[in-house]
There are 2 protein chains.
Amino acid sequence: MVKKTCKGQINMNVVLSRRLLSLVFVLVTPVSAPAAELPSMRRTGVLPLPRHTSIQEGGFAVDGKFRLSLLGYQDPRLFRCADRFLRRLEQKIGIPLAPEPISDPGEAAFEIHCSAPANPIQGIGDDESYRLEVTSLRAHLSAPTPLGVIRGLETVLQLVELDGQSFFLPLVTIEDQPRFCWRGLLVDVCRHWMPLEVIKRNLDAMAAVKMNVFHWHLSDDQGFRVESKLFPKLHQLGSDGNYYSQDEIRDALAYARDRGIRVIPEFDMPGHTSAWLAAYPELAAAPGPYRIARTWGVFDPCMDPTQEKLYDFLDSFIGEMASLFPDEYFHIGGDEVNGRQWSTSPTILAFKKRRHIKDNRELQAYFNQRLAAILGKYGKRIIGWDEILRPGLAQSVIIQSWRGHAFLADSVRQGYGGILSHGYYLDHMETAAMHYKVDPLGEDAADLSEPEKARILGGEACMWGEFVAPENIDSRIWPRTAAIAERLWSSPEVNDVQDMYRRLERVAQELELLGLTHRTSYRHMLQRISGDQNFGTLKTLADLLQPVGIGTRHRTRKYTSMTPLNRLVDAVSPESATARLFADLVDRALTHQHGLRNELQEIRHLLIRWRDNHEHLSAIANHSFLLTEAIPLSETVQKLSNTGLCALDYVDSGQKPAKAWHTEQLELLDLADKPQAELLPAIVASIKRLVAAASASLQAPNR
Amino acid sequence: MVKKTCKGQINMNVVLSRRLLSLVFVLVTPVSAPAAELPSMRRTGVLPLPRHTSIQEGGFAVDGKFRLSLLGYQDPRLFRCADRFLRRLEQKIGIPLAPEPISDPGEAAFEIHCSAPANPIQGIGDDESYRLEVTSLRAHLSAPTPLGVIRGLETVLQLVELDGQSFFLPLVTIEDQPRFCWRGLLVDVCRHWMPLEVIKRNLDAMAAVKMNVFHWHLSDDQGFRVESKLFPKLHQLGSDGNYYSQDEIRDALAYARDRGIRVIPEFDMPGHTSAWLAAYPELAAAPGPYRIARTWGVFDPCMDPTQEKLYDFLDSFIGEMASLFPDEYFHIGGDEVNGRQWSTSPTILAFKKRRHIKDNRELQAYFNQRLAAILGKYGKRIIGWDEILRPGLAQSVIIQSWRGHAFLADSVRQGYGGILSHGYYLDHMETAAMHYKVDPLGEDAADLSEPEKARILGGEACMWGEFVAPENIDSRIWPRTAAIAERLWSSPEVNDVQDMYRRLERVAQELELLGLTHRTSYRHMLQRISGDQNFGTLKTLADLLQPVGIGTRHRTRKYTSMTPLNRLVDAVSPESATARLFADLVDRALTHQHGLRNELQEIRHLLIRWRDNHEHLSAIANHSFLLTEAIPLSETVQKLSNTGLCALDYVDSGQKPAKAWHTEQLELLDLADKPQAELLPAIVASIKRLVAAASASLQAPNR
C-alpha cells in the first residue's frame with residue numbers, strides 16, 4: 001500500500017506533549033494542536049536524533065507481508081539481530097510475520113546490506129554508522145559493519161508509526177553516526193545485588209538508545225560479585241552468595257556483544273575493597289578481620305601497596321579476569337582512598353620513606369604503576385576515576401571524571417583520554433532536561449585545543465547502588481538515561497528540550513515492551529503501599545512528587561544495605577512528568593494571548609483534583625503503615641493547590657491581592673519546598689508563578 | 001512485634017469491592033463501608049478458600065527478621081519451594097530477607113514440617129493436604145508430603161496483609177485439602193504457538209491457585225508442537241518451526257513438578273491430525289498431500305485405522321512420548337471425527353464389512369482399543385474426550401466431558417472416571433461468576449449414586465487457541481480461571497460471588513507480580529491501538545466493553561492463524577470489572593434505603609464521564625486505523641449514558657416519563673446489545689434497570 005500523505009502523523013507528533021495532559025485530567029475538553037510545526041528532522045520519534053534526516057510525504061506500509069533480506073556480509077550475530085528485530089516489530093504492530101529472516105533478496109522489500117565484518121572484539125572508535133533510505137516500495141539499510149546494522153535497526157523500530165490506514169515507515173533518508181565513541185552506563189551491583197535479568201534488560205534498553213559501553217561496577221566495600229576460580233573466597237566470603245558465575249558473565253558478555261555493547265569490568269582498588277579483604281585480610285594495610293560493609297561512604301580498609309604478595313595475587317586474579325572479559329579496557333577504580341591505614345602502618349611508613357614517596361597520593365600512583373604493568377602483561381589498558389591522574393601514567397589510560405569538567409580538561413591536556421560522568425549521576429535525582437544540558441564538550445571545554453577536544457571520548461551515566469533494588473532500578477535509570485544517550489550521540493545543536501521530552505515519552509513506552517519495569521514497578525509499589533486499597537488515590541499524589549537525591553537521603557536517616565526500599569520515596573519517579581506538563585500549562589496560560597482561558601480552566605480543574613485528593617488519601621491512611629508518611633506531603637499538596645486556586649481567582653477577577661496574602665503564600669511555598677519523607681512536591685515553582693501573576697494583577701482574558 | 005487487633009484489615013477486606021470504584025471515577029467522594037461483616041472464614045484474601053479456617057484477632061509480624069526452617073522430611077524440591085517462597089515474600093513486602101532458607105530449627109519462627117516424601121510421579125489422589133497454625137510468635141505449616149507444603153505456602157503468601165503497623169499474617173488455624181483431585185487447565189498451543197515462557201508463567205499462576213493438572217494440547221490440524229526424534233518430520237513439517245524441543249519439554253515438566261502440577265500431553269487422534277499427515281501422508285485415510293491447517297473447525301483429514309502400519313508408527317511414537325512424559329495418563333483426544341474419509345475409502349469400507357463394524361463410531365472404538373493396547377504396553381492409561389466413550393473401553397479410562405453434564409454422568413455410570421470441561425471453556429468469554437456456578441457435582445449429578453459421584457474427579461478449564469496470541473492469552477485465562485480453581489478445590493457451599501470477586505481482584509494483582517501479563521498487555525495493546533495518543537481515552541471506553549465468544553467471532557469474519565490479533569476485541573478483558581461494579585452500584589442505589597443519594601450521584605458522575613468520552617475519542621480516531629472500529633461502540637456507550645442520565649433525572653425528580661420515552665429507550669437498549677466490532681457494551685443491563693426504575697416512577701431519596 002502506497003501512502004500519499006503523512007500529514008496525519010506529523011500533527012500527531014507535534015501534539016503529543018499536550019495530549020499527555022489528558023493522562024492528568026480526564027474531564028477537560030481537548031484543545032487543538034498548536035499551529036507551529038517543528039522542523040522536518042524532528043518529526044519522527046527517533047531518539048537519539050540522527051545526524052541527517054530528510055522526510056518526504058508518504059509511507060512504506062508495514063504489515064503481515066513485511067519481509068527482510070540480508071545482503072552482503074553475513075554472520076550469526078547479524079542473523080540473530082535481524083530475527084530479534086522481526087520479533088520486536090511483530091510485538092510492536094501485533095501482526096504475525098514470517099518466523100525467519102529471509103536472506104534471498106528476491107521478494108523482500110526491506111533490504112539490509114552489510115559490507116564487512118566488525119572487529120572480533122568491539123573497541124573504541126569502531127564504525128557505528130549506517131544509512132537508511134525508505135521509499136514507498138522499498139526500504140534499504142546499509143552499514144559498513146554489523147555494528148551499523150544493529151544501530152540502524154533500532155532507528156527503524158522507532159520510525160514505525162500508524163495512521164488512519166496502516167502501520168508504516170515514513171519516507172526518510174537518514175545518514176547517521178555518533179558524535180562520541182564512548183556512550184556508557186555504569187551499574188553498581190555491589191551496594192545492592194542485581195541479578196542477571198536486571199543486567200540483561202538494561203542492556204536491551206541501552207541498545208535501544210544506541211549506547212555502547214556497559215560499565216559493570218563489580219567490586220566494592222559491600223560486595224565482590226564475580227566468581228573467581230583461582231580465589232574462590234572472593235565470591236564466597238565477599239558476596240553473601242550474590243555473585244555472577246563465570247558462565248553468567250559469559251552469557252551477559254555475549255548478550256551485550258549481540259547488541260553492540262562493550263562491557264568494561266570495574267574492580268575498584270586499592271580502596272573500596274572491604275569485600276576483598278573479608279576474604280583475604282592478608283592483602284590489607286592493617287590487620288583484619290574485615291567484614292562486608294553494610295553501609296556506605298569512604299571506609300578505611302585498603303590494600304597494602306607495599307607488599308609484593310599483593311602484586312602476585314593481583315597478577316593471578318587479573319589474569320583470570322582478563323581472560324573472562326575481552327574488552328581492551330579494564331577499570332581499576334582508584335577513587336576515594338582515604339589513606340588512613342597507609343598513614344598509620346609502620347611498614348608502609350617505612351616503605352614510603354625508603355622509596356622517597358612523599359604522600360599517599362604518590363603511593364597510590366606507585367600502586368597504579370604496578371597495576372598497569374600487570375594489566376599490560378594481559379594486553380589490557382587502564383581506565384580509572386579522576387584520582388588516578390598522576391604523573392607517570394601510560395598515555396593509553398582513560399580518566400573517568402566524576403568530579404567535574406575541570407578534571408576532564410586536565411586529563412586531556414595531559415594527553416589522556418577522558419570521559420565525563422560528572423553531571424550524569426542518576427542517583428542525584430535530577431531531571432532529564434538537566435542531564436541533557438551537560439555536554440562533555442560544553443562551555444568548560446571551550447579553551448581546549450582541537451587535539452585535546454578529540455581526546456574527550458564521551459560520557460557515562462552512573463547508576464550507583466545505594467538506593468536501588470532490582471524492583472526500582474529501572475525507574476532510576478530510564479527513561480532519563482535516554483536523554484544522556486542523545487547528548488552523546490547527536491549533534492550538539494540538538495537541544496530542543498520539549499522535543500526531547502516528546503520523544504522520551506515514546507522511548508519510555510518502548511522500553512516497557514522490551515521488558516524494562518520502570519512503569520509497571522511503579523504501579524506495583526504504589527499498590528503495595530496502598531495495601532488492600534485502590535492505589536489510584538496514592539498515585540494522584542505520587543505523580544506530583546520527586547525523591548530527593550542521595551545526599552539528602554543519606555543525611556535524613558541511617559541506611560544500610562538491608563533497609564527496605566519499599567517506601568514512597570523509592571517508588572516515585574525521579575522526575576514528575578505531571579509537574580512538568582503542569583509547568584508547561586502554567587507557562588502557556590501566563591505568557592500566551594490565545595487560549596489563556598482554556599488553560600486557566602485546565603489549571604483550575606487540576607488544582608481542584610489535587611486539593612480534594614487529600615481527603616481521600618487521609619481516609620485510607622490508617623490501612624497501611626507505608627502510607628502514613630505520605631499524609632503530610634498530601635496536606636502540603638493540598639495547601640499548594642489552595643494557594644494556586646486562590647491565585648487563579650485573583651488572576652480571573654483582575655483584583656490585586658493584599659500584600660499580606662502575598663507574603664503568607666511565599667512563606668508557605670518556602671515551607672513546601674523542604675523535603676518530607678525524603679520527597680519534594682514538584683509543583684512548587686508553578687504555584688509560585690501563579691502567585692506572582694496574581695500579585696502582578698494580571699488581567700483576566702477576554703470572555 | 002505482637003499485634004493486639006486486626007480490626008483494621010478486616011474492614012479493609014470488606015470494603016475492597018467498593019474501593020475499586022475509585023479506579024473508575026476519580027472525582028467522587030468515597031462512601032463509608034457497609035455495616036455488615038462477612039463471616040470469619042471469608043476475611044482473608046485466600047483463594048481458593050480453605051476447607052476450615054478460624055481466625056483470632058492479632059497478627060504474626062512479617063518483616064526483615066522473617067526466617068523459616070524446614071523440619072522432618074527434606075528434599076531438593078522442598079528447598080527450591082521454600083526458596084521460591086522467600087523470594088516471593090520478599091517481592092510482596094519489599095523487604096530484603098536472608099538469601100537461603102534455614103534448616104536449623106533454632107531461631108526460626110516460621111516452621112515447615114513435612115512428614116514423608118511424595119510419590120516420585122505425581123498421580124491422581126496424591127495427598128495435597130496441609131495444616132497451618134499461626135500464633136503471634138510462631139507459624140507452623142505441616143503436611144504429610146511436599147505437595148501439601150507447596151499448597152500451604154501459597155496460602156501463606158495470600159494471607160500476608162499490612163495495616164497501620166506492619167506486614168503480618170493473621171492468627172489463623174487452617175486445615176485444608178481439595179474437594180476434587182483433578183483441577184486442570186488445558187492450553188492449546190496448536191492454533192497459535194505459545195513459547196515456553198508462556199507455559200511457564202501459566203504454570204506459576206496455576207500453582208498460585210492450587211491447580212494440579214496442566215493439559216498440554218500438543219497436536220492438532222494447525223500444528224504438531226513436540227520434537228520427535230524418531231519421526232522428525234512431525235515437528236519439522238508440522239509446526240512452521242514452532243515446536244518444543246525435548247529439552248524444553250523436560251524443562252517444563254520439571255518446572256511443573258516443582259509446583260505440584262502433573263502434565264498430561266494430548267495427541268489428538270484419529271481426527272484433528274492434518275499436521276501429522278502433512279509430514280506422514282501415508283498414515284491418512286485418503287491420499288495426500290496434506291497441509292497444516294490455517295483455519296479451524298472440523299476437517300476431513302483423518303488417520304486410517306485399518307492399516308497395520310499406523311499401529312506400528314503409533315507404537316514407536318507413543319513409546320517415545322511415553323518416556324518423555326512421566327504422567328500415568330496420556331490424552332488421545334478422540335473428538336470431532338467427521339468420518340468423511342472413512343465413509344469414502346474403499347479399503348476402509350471393505351475393512352468395516354469384513355469385521356462387522358457397523359459405523360464410524362464403532363470404527364473409532366476399534367482404533368481406540370488398538371491405541372489402548374499400545375499405551376498399556378508403555379504403562380499409560382487413557383484419557384480422551386466424550387466421543388471415545390464406547391463399549392469395550394478399559395475401566396481405567398477417564399472421559400473428559402466437553403459436551404455437557406449428561407455426558408459426564410453417562411461416563412461415571414458406566415464405571416469410568418470423568419472430568420468436566422463443559423462450562424469451563426474460556427474462549428466463550430463468560431464471566432467468572434458464570435464459571436463459578438458450574439460444579440462437576442452440581443444439580444445434574446443429583447441422581448448419581450455415591451460411587452458414581454466418587455468417579456467424578458474434577459474439571460479442567462480449557463483455553464483453546466483460535467483467538468489467543470502470547471500477548472493476550474494471559475488475559476483470557478486469568479483471573480477467571482481462579483474462580484474455576486476455587487470451585488474445584490473448595491467446599492460446594494463456598495458460593496458467595498461478591499466475596500469471590502473481592503479475592504479474585506487480589507489474585508489478579510498477585511499474578512502480575514508473578515509475571516503474568518493480563519493487565520500489562522491490556523495497557524500495551526490499548527497504547528498500540530491509540531498510536532501516538534494517550535490511551536486513557538480509549539481505556540475509558542474499553543473498560544466498559546466485553547468481547548464476544550468464539551462462536552460469534554467465527555461467524556463475523558474469516559479468520560486464519562495469520563490474522564492479526566491486535567484489535568480492540570483482542571485487547572479487552574473477557575469480563576468488565578467496571579461494568580460489574582457499576583451494576584453493584586445501580587443495585588445498591590435502587591434497592592437500599594440508605595446511601596441512595598450518594599449512589600445516584602456516583603452513577604451520574606460515571607455516566608457523564610462515559611458520555612463525554614465519546615467526543616475525546618472521536619477527536620483522535622483518525623490517528624489510528626485500529627481505532628476506527630471503536631467509534632460506533634463509543635457512540636453506543638454515549639447513547640446508553642444519555643439514556644441512563646435521563647432515567648436518573650426522572651428518578652431524581654419523581655416525575656414519570658412518557659410511555660413513548662420508555663419504548664424508545666428499550667429499542668435503543670436492544671440495539672446496543674448487539675455486537676459491534678465483535679464487542680458488546682457491558683452496561684446495557686444496568687442502564688435497563690435505571691430505565692425500569694424511572695418508569696416505575698421511583699421516589700427520590702430524602703434530601
Side-chain angles (χ1 to χ4, degrees), chain A residues 8-9 12-13 16 19-23 26-27 29-30 45 64 91-96 99-100 161-166 240-242 469 471 506 509 512-513 520 524-525 527-528 531-534 536-537 540 561-562 564-566 570 609 612 615-616 619-626 628, chain B residues 8-9 12-13 16 19-23 26-27 29-30 45 64 91-96 99-100 161-166 240-242 469 471 506 509 512-513 520 524-525 527-528 531-534 536-537 540 561-562 564-566 570 609 612 615-616 619-626 628:
Chain A
Q9 89 273 11
M12 195 155 66
N13 294 345
L16 177 69
R19 296 296 318 154
L20 272 177
L21 276 169
S22 41
L23 207 71
V26 187
L27 289 171
T29 319
Q91 184 190 36
K92 179 152 184 164
I93 65 180
I95 299 174
E100 301 288 336
E161 304 265 351
L162 91 174
D163 67 5
Q165 278 76 53
S166 71
D240 299 308
N242 289 323
E471 187 177 42
R506 288 173 66 152
Q509 286 172 20
E512 282 276 325
L513 287 181
T520 48
H524 291 161
M525 293 177 83
Q527 182 65 66
R528 177 196 291 141
D532 223 354
Q533 309 296 310
N534 164 26
T537 315
T540 299
S561 47
M562 293 303 281
L565 298 179
N566 61 359
D570 302 301
R609 181 163 166 234
D612 293 350
E615 191 192 344
H616 307 330
I620 61 169
N622 67 332
H623 289 283
S624 158
F625 72 102
L626 291 171
T628 318
Chain B
Q9 89 272 11
M12 195 156 65
N13 294 345
L16 176 69
R19 295 297 318 154
L20 272 177
L21 275 170
S22 40
L23 206 70
V26 186
L27 289 172
T29 319
Q91 184 191 35
K92 179 152 184 166
I93 65 179
I95 299 174
E100 302 288 337
E161 305 265 351
L162 90 174
D163 67 5
Q165 278 76 55
S166 72
D240 299 309
N242 289 323
E471 187 177 41
R506 289 173 65 153
Q509 286 172 21
E512 282 276 326
L513 287 181
T520 49
H524 291 162
M525 293 177 83
Q527 182 64 66
R528 177 195 291 141
D532 222 355
Q533 309 296 312
N534 164 26
T537 315
T540 299
S561 47
M562 293 304 281
L565 298 178
N566 61 359
D570 303 300
R609 181 163 165 233
D612 293 349
E615 190 192 343
H616 308 330
I620 61 169
N622 68 332
H623 289 283
S624 158
F625 72 102
L626 291 171
T628 317

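We name chains A, B, ... by the order of the sequence lines, and we start the count at 1 in each one. Any value given below was found using the heavy atoms of this structure, including those in side chains, with hydrogens, waters and symmetry copies removed. Quick caveat: nothing in here was measured; it's all calculated off a predicted structure.
With contacts defined as side-chain heavy-atom distances shorter than 4.5 Å, the pair A/I93/B/N566 does not qualify.
A/T520 OG1 to B/L513 CG: the interatomic distance, rounded to the nearest 0.5 Å, is 9.5 Å.
Every side-chain contact (heavy atoms from CB on, under 4.5 Å) that A/A469 has, sequence neighbours left out, goes to A/N472, A/L565. With sequence neighbours left out, A/E471 forms a side-chain contact (heavy atoms from CB on, under 4.5 Å) with A/S521, A/M525, A/R528.
In terms of heavy-atom proximity, B/P564 sits nearest to A/G94 at CB-O, 3.6 Å. Looking at every heavy atom in both residues, B/G531 comes nearest to A/L162 through CA-CD2, 3.2 Å. Closest approach of B/S561 and A/P96 over heavy atoms only: O-CG, 4.5 Å.
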